[in-house]
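Beneath this line is the structure, given in structure tokens, with notes to follow.
Treat the numbers as computed from the prediction; the structure is a model and nothing was measured. Numbering of residues begins at 1 and proceeds along the displayed sequence.
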Amino acid sequence: MQSQDLHQLKVLSTSTLDKVVTNDGIYASTALGAEGMYHGFFGRDTAITAYFVAQAENMHGDKQFLNKAARGLLQMMNWQSKQDNQDTGEELGKFPHEIRLTEKDYKHLTQGMLDQGRRSWYVDPSDKVLKNWDTNDATQLWIIVIARLYEKGMVEMTEEIRSAMKHGLLWCVRNLNDHGGFAGYSYNPERTWAGLINQTWKDSEGAYMHTDGSTPKKPIRDVFVNALTWSALSYGSKILATYDHHFSGFLRTEADKLKSKFNDPESGFLMKDEKSEYYFAEAIDSDGKQLQAVSCDPGLVMWAYCDGESIIDNRYLPAVAKRLMQPDLLDSEAGIRTYSCEGTSYDYVAYHRGPNTYWPFVSGLIADGLNHFGYKYEATQTLTAMIKGIKKFGTCIELFVKKDNDYARFKHPDYDQLSCTDQAWTAAAIYYGTCYLQMSE
């Protein structure tokens, strides 16, 4: 990758971050109609964007966006749930999926839904803010990123943050207990307010399938979410040990139990793979059946580390790294595919399900995980591929499609949904990726 290209893409990323990382919070996208449909505060996006910014600026010693990004991350504490509410999906201690402050930004989810004869999403009558808690991972991500920023001296561990962390960790444990020892979620179709059936980063309908094309039974236990839960529990145990030794020990026990279950080939996620001997299933359904499509998600699991440890047993980490680098997953001109291009039961036009779809933030997180465990060559290959793909579009595009040698923005075939032009976590992934590659030159 040419130095000039890296410089230009870094300028592109910082110009977008300047628009979405604000004093009020981190917007998931700019406001550009169908091309900027995520102009709100998203728990998942906020945490990941803040993390990439921190990693980038830790490399070059700058604080261009860090202070605002950290404030945006802390801002999410204002929306942490204080109660259980079956009608909205709210659960005590849980961080939100989505917060939209103005009717202009949520009208399509309220009046727009009613105009289609569907239920509206929830708008809190007390402050007229749209609030949605349909996420199985925002809480863990917040805890992990806060912990990593604290360890780098980028945030202070105040009493308020510790309290939010503890309540979030209690939600994590409750979630494990509610789903048979794994992190999981289920959507109540009878509740008053509409929301998301799937509650992971792959949160579109139809995102999960068995390899025979059948729909898995809910609740879904997602591989990345379980890794995030283990990481959050592990960081919580470590950081809170000084303040609450008993609770810290309890969290360590819960993390250890989850790791043991996770690596079990019979009841956990470990599965055989032809190209690398071992890999991990993308999810487990309510019958205990693995969803065995070869996906990018075990690569994301490597990002959910704590210190030098992963929820994946050390003996399996080389197999995961090897599998990610196979050409059916890594395209050297685009990044890591959402799914292997050699599999079955895929929807080639799906937002999350296609083997020809590339999410730059996914490649960024996978590269960060690979780098953490010493796979620096693989991390460099992944980031270089991601940067090459984004360069084709010249924007911080949310996701794109590449089939053969043709690149295109994602466009839903049935309704007005385009890849967002300026996506926060893409901009932050580019920022991190360009800094990493410049440091490697």
Side-chain angles (χ1 to χ4, degrees), residues 37-38 40 42-44 79-100 106-125 129-140 171-172 174-210 212-226 229 282-291 293 297 345 347 349-353 412-417:
M37 63 186 297
Y38 300 115
F42 288 70
R44 179 185 304 122
W79 315 110
Q80 187 178 17
S81 177
K82 304 295 190 295
Q83 64 180 348
D84 289 342
N85 186 334
Q86 292 184 350
D87 287 334
T88 63
E90 188 176 2
E91 296 175 352
L92 179 64
K94 191 177 188 182
F95 277 78
H97 167 63
E98 180 173 357
I99 300 294
R100 295 188 187 238
Y106 63 64
K107 190 173 182 180
H108 64 291
L109 296 171
T110 53
Q111 189 59 51
M113 300 287 276
L114 293 172
D115 291 344
Q116 298 172 30
R118 302 163 69 186
R119 285 174 296 156
S120 168
W121 286 38
Y122 174 68
V123 176
D124 191 329
V129 172
L130 183 145
K131 300 172 183 177
N132 180 276
W133 287 273
D134 292 340
T135 168
N136 199 209
D137 59 5
T139 306
Q140 302 95 310
W171 175 83
C172 290
R174 172 185 170 185
N175 184 257
L176 289 171
N177 291 335
D178 286 348
H179 296 92
F182 285 121
Y185 64 90
S186 53
Y187 173 78
N188 176 14
E190 303 302 321
R191 76 185 198 188
T192 303
W193 303 97
L196 297 171
I197 293 173
N198 288 319
Q199 299 181 9
T200 66
W201 81 268
K202 295 185 292 190
D203 57 11
S204 57
E205 293 187 30
Y208 290 93
M209 276 184 217
H210 285 294
D212 63 3
S214 62
T215 301
K217 294 182 180 179
K218 300 282 179 24
I220 294 291
R221 280 73 64 93
D222 176 271
V223 68
F224 183 39
V225 172
N226 278 273
T229 300
E282 65 170 323
I284 300 170
D285 71 9
S286 65
D287 290 334
K289 294 176 61 178
Q290 292 182 344
L291 279 66
D297 297 274
S345 79
D347 182 345
V349 294
Y351 187 56
H352 289 115
R353 188 87 198 150
H412 197 283
D414 298 324
Y415 55 87
D416 188 23
Q417 181 182 0

Open item on the list: I want to check something: taking the side chain as every heavy atom from C-beta on, are N226 and R221 in contact at a cut-off of under 4.5 Å?
Closed with: yes

- [ ] Return the set of residues passing side chain to side chain donor-acceptor pair (under 3.5 Å) with H179 (not counting sequence neighbours), or none when no residue passes.
- [x] none

Task: Least distance between heavy atoms, D134 atom then G195 atom - done: OD2-CA, 3.1 Å

- [ ] With sequence neighbours left out, write down each residue that passes side chain to side chain contact (heavy atoms under 4.5 Å, CB included) with R119, or none if nothing qualifies.
- [x] Y187, R191, A194

Task: Residue list, side chain to side chain donor-acceptor pair (under 3.5 Å) with Q80, at least two apart or on another chain - done: none

Open item on the list: Test of understanding: with salt bridge (Lys or Arg N to Asp or Glu O under 4.0 Å), list the residues that count as partners of K218, not counting sequence neighbours.
Closed with: none

Open item on the list: Using the salt bridge (Lys or Arg N to Asp or Glu O under 4.0 Å) criterion, which residues pair with R100? Sequence neighbours excluded.
Closed with: E98

TODO: Hey, can you tell me if H97 and F42 have their rings parallel, tilted or perpendicular (30° and 60° cut-offs)?
DONE: perpendicular

Open item on the list: Just by distance, no angles: are the side chains of E91 and W133 close enough, under 3.5 Å, to form a donor-acceptor pair?
Closed with: no

Open item on the list: If I compare all heavy atoms of G184 with all of N136, which pair ends up nearest, and what's the gap?
Closed with: O-ND2, 3.1 Å

Task: Which atom of Y185 lies closest to which atom of I197, heavy atoms considered - done: CE1-O, 3.3 Å

Open item on the list: Could you check whether D297 and W201, counting side-chain N and O atoms only, form a donor-acceptor pair closer than 3.5 Å?
Closed with: yes

Task: Any side-chain heavy-atom pair of Q140 and C172 under 4.5 Å - done: yes

TODO: Output, in order, the C-alpha distance, side-chain angles, deciding distance and verdict of salt bridge (charged side-chain N to carboxylate O under 4.0 Å, His left out) for E282 and K202.
DONE: CA-CA 11 Å; E282 65 170 323; K202 295 185 292 190; 2.7 Å; yes

Open item on the list: Please find the pair of heavy atoms, one from D287 and one from D285, that lie closest to each other, and give the distance.
Closed with: N-OD1, 2.9 Å

- [ ] Apply salt bridge (Lys or Arg N to Asp or Glu O under 4.0 Å) to D87 and list each qualifying residue two or more places apart in sequence or on a separate chain.
- [x] none

Task: Shortest non-hydrogen contact between P216 and Y208, atoms and distance - done: CD-O, 3.3 Å

Task: Over all atoms of both residues, closest heavy-atom pair of V225 and D222 - done: N-OD1, 3.0 Å

Task: Heavy atoms from other residues, nucleotides or ligands near CZ of R174 exceed 12 (cutoff 6.0 Å) - done: yes

Open item on the list: I'd like to check L196 versus W121 (side-chain heavy atoms, cut-off strictly below 4.5 Å). Are they in contact?
Closed with: yes

Open item on the list: With heavy-atom distances below 4.5 Å as the criterion, would you say the side chains of N198 and H352 are in contact?
Closed with: no

TODO: May I ask you to test the N132-Y122 pair for a side-chain heavy-atom distance under 4.5 Å?
DONE: no

